[in-house]
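What follows is a set of notes on a single structure, which appears directly below.
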Amino acid sequence: MEPENSFKKTTTKRPFHYGPLLLLIALGLVMIAAAVLVTNDDGQRDISSGINLPADWVFSVTDTGESYSYPPRLETKYISSRDWSPTLIVLNAPYSCNPVGNESSPGIWKAEKTIDGRSYCVSTYSEGAAGTIYKNYSYYFPLAGQTGVISFFLGYPQCVNYDDPEKTACEKEQADFNLDALVEEIVKTITLSQTTIKDRLAVCLVASDWGSHDYCQALLDGIRNYDDCVAAGLKVDETNPNLCLTPDNRSFVNEANSTWPILLEAINNCEVEEAFQSHQEFVELTLKDGTKLSAYEPNIDDIFDAVDATNGKCGEIRLATE
């Protein structure tokens, strides 16, 4: 809600700082460094959040903000993955499993198993068509007190329809295919929506697909001041004052000399003579003894709400904005 003040409040964005070509190149290197990326002997990426993610995996984000990755295709000949696109949903309920039926029976079955120390409830619906058995898999598992579900379709051609040596190759591939292990590797890439922006940026910055690029850009768009930039774990130049750089070529100056709770305390103690709101939620207070305090407010115009809350207690506090 806008505060009732006699002046018009407007806000302006802090201008971007663009340097010459060499600076842009340097900032590109900062983007890589921010993700803390190294390569193992096995060709996988070690991300600072602790996730091992193969370089070509697809990055995806759910409607509720969880991110996860999966291989773009299955390197199989006798297991169809034409529509391979695992989806993740998070159910707001604790994990549980009630096994029904068995895998050899037609229709739906559900079984509980442990994969690499994690409990799973595997539900499958099978149906056959034109010599191929199609299976809809749903792997349920505990996830931060809730239940995560990874779902996808696979097709298994009936190997008896082939002549040797293809028949033998088909049977071997289907018998050796470790779907459980693959699902566990996908689950290990999940980043919860409750994690910090630093953790989420560490995942999407090192991915190369457009989905991760767009997700990263949305996260970067939410960085609006120096404190946001530092909290995201981005590069800080030890200049005077300090400067925080973002991978999308913006920079933020550390203008604050205090914290927002200290400013609130000064307002509530009736120590403030004037409050000024600058660009990007930067607030400066002038105290009655001439001291100046500055900090970033959590949300735009929080300073006006804080001053309004002292009406009738502290007298008039002059307000200004740009």
Side-chain angles (χ1 to χ4, degrees), residues 1-17 34 49 64-65 92 144-145 191-202 217-246 248 250-322:
M1 179 179 295
E2 295 287 335
E4 297 179 359
N5 292 290
S6 59
F7 56 87
K8 181 179 180 181
K9 296 181 298 175
T10 60
T11 60
T12 60
K13 295 183 178 179
R14 178 179 296 125
F16 295 169
H17 299 274
S49 61
T64 51
N92 187 22
T191 301
L192 298 177
S193 58
Q194 296 92 330
T195 56
T196 65
I197 184 174
K198 179 179 179 180
D199 292 333
R200 283 176 277 166
L201 280 173
Q217 190 57 56
L219 293 176
L220 292 171
D221 288 344
I223 297 175
R224 298 170 296 175
N225 55 53
Y226 179 84
D227 287 349
D228 289 347
C229 186
V230 172
L234 300 179
K235 173 70 174 180
V236 175
D237 276 353
E238 297 300 327
T239 54
N240 187 17
N242 291 347
L243 192 69
C244 186
L245 308 175
T246 68
D248 56 352
R250 291 179 295 151
S251 60
F252 297 99
V253 176
N254 184 14
E255 299 177 282
N257 66 5
S258 191
T259 65
W260 179 244
I262 289 178
L263 267 66
L264 290 179
E265 183 179 2
I267 294 171
N268 292 331
N269 290 340
C270 300
E271 302 173 37
V272 178
E273 183 175 276
E274 182 179 76
F276 174 72
Q277 178 181 261
S278 182
H279 47 67
Q280 295 288 2
E281 294 113 56
F282 181 74
V283 173
E284 183 177 76
L285 301 183
T286 301
L287 305 188
K288 294 175 181 178
D289 63 3
T291 301
K292 291 185 181 293
L293 299 178
S294 60
Y296 291 101
E297 57 189 340
N299 300 289
I300 191 68
D301 294 344
D302 278 353
I303 182 60
F304 300 108
D305 294 334
V307 170
D308 285 347
T310 66
N311 283 345
K313 172 185 176 183
C314 298
E316 182 182 2
I317 297 176
R318 294 195 301 273
L319 298 172
T321 188
E322 66 173 22

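- Residues Thr321 and Phe304 meet the side-chain proximity criterion, which asks for heavy atoms closer than 4.5 Å.
- At a threshold of 4.5 Å between non-hydrogen side-chain atoms, the residues Tyr296 and Glu255 count as touching.
- Residues passing the side-chain contact (heavy atoms from CB on, under 4.5 Å) test with Ala306, sequence neighbours excluded: Leu264, Ile267.
- What you find for Ala295 and Ala256 is that their closest heavy atoms are CA-CB, 3.8 Å.
- Separation of atoms CG (Leu263) and CG (Leu293) is listed at 5.5 Å; rounding is to 0.5 Å.
- Panel note: side chain Thr246, backbone Arg250; a donor-acceptor pair is recorded below 3.5 Å.
- Atom CD1 of residue Ile303 and atom OG of residue Ser278 lie 12.5 Å apart, to the nearest 0.5 angstrom.
- Rounded to the nearest 0.5 Å, atoms SG (Cys229) and CD1 (Ile197) are 9.5 Å apart.
- Side-chain contact check for Asp305 versus Asn299: every heavy-atom pair is 4.5 Å or farther apart.
- The structure places CG of Leu234 at 5.5 Å from SG of Cys244, a figure rounded to the nearest 0.5 Å.
- For Gln217, the side-chain contact (heavy atoms from CB on, under 4.5 Å) partners two or more places apart in sequence, or in a different chain, are Leu220, Asp221, Asp248.
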Show which side-chain atoms of residues 310-319 pair as donor or acceptor with protein atoms under 3.5 Å away, not counting sequence neighbours.
residue: Thr310; atom: OG1; partner: Val307; partner atom: O; Å: 2.7
residue: Asn311; atom: ND2; partner: Asp308; partner atom: O; Å: 3.3
residue: Lys313; atom: NZ; partner: Asn268; partner atom: O; Å: 2.7
residue: Arg318; atom: NH2; partner: Glu273; partner atom: OE2; Å: 3.4

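- Within the 3.5 Å criterion, the main-chain N or O of Ser294 finds a donor-acceptor partner in the side chain of Asn257.
- In terms of modelled atom types and a separation under 3.5 Å, the side chain of Asn225 and the main chain of Asp227 share a donor-acceptor contact.
- Distance check: Ile223 CD1 to Leu201 CG gives 6.0 Å after rounding to the nearest 0.5 Å.
- In this structure, the side chains of Val230 and Asn254 stay at 4.5 Å or more apart for every pair of heavy atoms.
- Taking the side-chain contact (heavy atoms from CB on, under 4.5 Å) definition, one finds that Pro261 meets it with Thr259, sequence neighbours left out.
- Shortest non-hydrogen contact noted between Tyr226 and Val253 is CB-O, 3.5 Å.
- Here the CG atom belonging to Asp199 is positioned 7.5 Å from the OG1 atom belonging to Thr191, to the nearest 0.5 angstrom.
- Residue pairs meeting the salt bridge (Lys or Arg N to Asp or Glu O under 4.0 Å) criterion with at least one member in residues 284-297: none, sequence neighbours excluded.
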